[in-house]
Amino acid sequence: MSKVKYFYDPDTLSYRKIEPKKSRKYRNLTFFLLGSAIFGLLGLAIILNTPILNTPRELSLQRELKNYELQFELLDKKMEQMEQVLANIEDRDNNIYRLYFEANPIPEEQRRAGFGGVNRYKSLEGFNNSEMIIGTTKRLDIIQKQMVIQSKSLDEITKLAAEKEKLLAAIPAIQPISNDRLTRMASGYGWRSDPFTKARKMHWGMDFTSPKGTPIYASGDGKVTRADNNSSGYGKHIRIEHGYGYMSLYGHLSKYNVKAGQRVKRGDLIGFVGSTGRSEAPHLHYEVWKDGDRINPINFYYGSLTAEEFENMLKYATQENQSLD
Ligand SMILES: [Zn+2]
């Protein structure tokens, strides 16, 4: 307890107690600290943007913003699904459709080419959520471009498909004589023993045994380029050009039913089986040419045979027996 001091007050003509200066100091300090604390808390509240100071309007705006952010997240998820579906379509486009119609696949870079040069997202910059909005816009832009390219690709394929129908009609895809039980397949394409010399020799076609006069049919749409006896070994023979690099040849005929220059459809009767030229017995020697090379005709009967029949034919055709030439 400090000493109590007095002083004479001339106004009241009495002695009065002198208040200790220290306590006033403490009081001032307390006020100062309290004030600082209040201002500090206020400052902190503003910095942290805690809702204690927000007006109802601000609160509702904040809720709206949160809702937008959530919706953006959901849109992003949906875009992800779209991207997956598109990627799947592009994959099929490149690896099935374009391949099937012999068109070059569209390279990945072209499908997803960036948007270089001008910054087209400048107007979206400078906001709290700019990153989110630019990201979403960019993804949508890329999806849009992918769709345009995909759509163009399908247009192209539609055109090719129309052409392909012509091609499919042209390919020599059926057997050239009626061969229901496949019993007429005598010798296939491959190494066979020569009927005359008995030496092993490449046999470039398929032989079908048949009595003289059996009808022979065109195996695909095309134009008869030759029907004559001027090719060594084949005897009386017919050649049909089908276009797209395909040609079919029918040898050892007894009689023609068409002339050079005539157009034929698949299945048209073109001639009759015989044994002219280098032939051991009446039979049809049949060849398929692609781009100037002879290829195995058995690969073209898929259209007219069941799986089982094809299997059987394959068995007959691959037996290494003697050809009839
Ligand atoms: Zn032959």
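The analysis underlying the following values was restricted to heavy atoms, covering all of them including side chains, and did not include hydrogens, waters or symmetry mates. Only a predicted model underlies this, so the values are computations on that prediction, with no experimental measurement involved.
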When every non-hydrogen atom of I174 is compared with those of A218, the smallest separation belongs to CD1-O, 3.8 Å
Rounding to 0.5 Å, atoms CE (M79) and CD (Q84) come to a distance of 13.0 Å
Yes or no on side-chain contact (heavy atoms from CB on, under 4.5 Å) for Y8 and L13, after CA distance, side-chain angles and deciding distance? CA-CA 7 Å; Y8 180 73; L13 301 175; 3.2 Å; yes
Do Q175 and Y217 have side chains that approach each other closer than 4.5 Å (heavy atoms only, starting at C-beta)? no
Heavy-atom check, side chain of N67 versus side chain of Q71, under 4.5 Å: yes
Any side-chain heavy atom of E90 within less than 4.5 Å of one from I149? no
Do the side chain of H252 and the main chain of T276 share a donor and acceptor less than 3.5 angstrom apart? yes
I'd like to know if E163 pairs up with K166 as an ion pair, taking the criterion as any Lys NZ or Arg NE/NH1/NH2 lying under 4.0 Å from an Asp or Glu carboxylate oxygen. yes
Checking Q110 side chain against P107 main chain: does a donor-acceptor pair fall under 3.5 Å? no
Decide yes or no for K265 and D221: does some side-chain heavy atom of the first lie under 4.5 Å from some side-chain heavy atom of the second? yes
If you define the side chain from C-beta out and look only at heavy atoms, does anything of L249 sit under 4.5 Å from Y286? no
Any side-chain donor paired with an acceptor under 3.5 Å for S248 and H242? yes
Are W289 and I295 connected in the hydrophobic side-chain network, where two residues link if heavy atoms are under 4.5 Å apart? no
Please determine whether the number of non-hydrogen atoms from other residues, nucleotides or ligands lying under 6.0 Å from atom CZ of F196 exceeds 12. yes
Value for CZ (F208) from OG1 (T214), rounded to nearest 0.5 Å, stands at 12.5 Å
Would you kindly confirm whether V273 and Y316 end up in one hydrophobic cluster when ILVMFWY residues are joined by side chain heavy atoms under 4.5 Å apart? yes
For K290, does the NZ atom sit with more than 12 other heavy atoms under 6.0 Å from it, leaving out its own atoms? yes
Could you report the tightest heavy-atom contact between M206 and A317, atom names first, then the distance? CE-CB, 3.9 Å
Does the side chain of S231 come within less than 4.5 Å of R239's, by heavy atoms? yes
Is the backbone N or O of M147 less than 3.5 Å from a side-chain atom of S151, with the two atoms forming a donor-acceptor pair by type? no
Does F127 form a side-chain contact (heavy atoms from CB on, under 4.5 Å) with I133? I'd like the steps, not just the answer. CA-CA 9 Å; F127 299 95; I133 294 175; over 6 Å; no
Electrostatic pair R16:D11 at N-O distance under 4.0 angstrom: no
Are V264 and I171 linked, directly or through intermediate hydrophobic residues, by side-chain heavy-atom contacts shorter than 4.5 Å (ILVMFWY only)? yes
Taking all non-hydrogen atoms of both residues into account, name the closest pair between P215 and I177 and its distance. O-CG2, 3.5 Å
Determine whether more than 12 heavy atoms belonging to other residues, nucleotides or ligands lie under 6.0 Å from atom NZ of K198. yes
Trace of the side-chain contact (heavy atoms from CB on, under 4.5 Å) decision for S279 with D325: CA-CA 6 Å; S279 167; D325 261 38; over 6 Å; no
Taking all atoms of both residues into account, what is the closest heavy-atom pair of S187 and H203, and its distance? OG-ND1, 3.9 Å
Consider only side-chain heavy atoms of I, L, V, M, F, W and Y, link residues closer than 4.5 Å, and tell whether V258 and I216 are in one cluster. yes
Side-chain donor or acceptor of Y256 paired with backbone N/O of D228 under 3.5 Å: yes
Looking only at side-chain N and O atoms, does Y121 offer a donor or acceptor that is under 3.5 Å from a partner on S130? no
If you define the side chain from C-beta out and look only at heavy atoms, does anything of R111 sit under 4.5 Å from D93? yes
With rounding to the nearest 0.5 Å, note down the distance linking CE in M202 to OH in Y189. 4.0 Å
In one Ile/Leu/Val/Met/Phe/Trp/Tyr side-chain cluster, 4.5 Å: L140, I134: no
Taken to the nearest 0.5 Å, the spacing of K315 NZ from Q319 CD works out to 9.0 Å
What distance separates L44 CG from F39 CZ, expressed to the nearest 0.5 Å? 14.5 Å
Apply the test side-chain contact (heavy atoms from CB on, under 4.5 Å) to residues K145 and D141: give CA-CA distance (whole Å), side-chain angles for both, the deciding distance (0.1 Å), then the verdict. CA-CA 6 Å; K145 178 161 187 211; D141 282 351; over 6 Å; no
Are any of the side-chain nitrogens in R192 or D207 under 4.0 Å away from the carboxylate oxygens of its partner? no
Minimum heavy-atom separation for K236 to S254, with atom names? NZ-O, 3.4 Å
Does S193 offer a backbone N or O that forms a donor-acceptor pair with the side chain of R200 under 3.5 Å? no
Donor-acceptor contact below 3.5 Å, side chain N94 vs main chain I106: yes
At what distance, to the nearest 0.5 angstrom, does CD of E131 lie from OG1 of T136? 10.5 Å
Using the side chain to side chain contact (heavy atoms under 4.5 Å, CB included) definition, which of the options L284, V288, I240 pairs with P176? L284
State, with a plain yes or no, whether a side-chain heavy atom of E73 is found less than 4.5 Å away from one of M132. no
With under 30° as parallel and over 60° as perpendicular, where do the rings of H237 and Y234 fit, or are they tilted in between? parallel
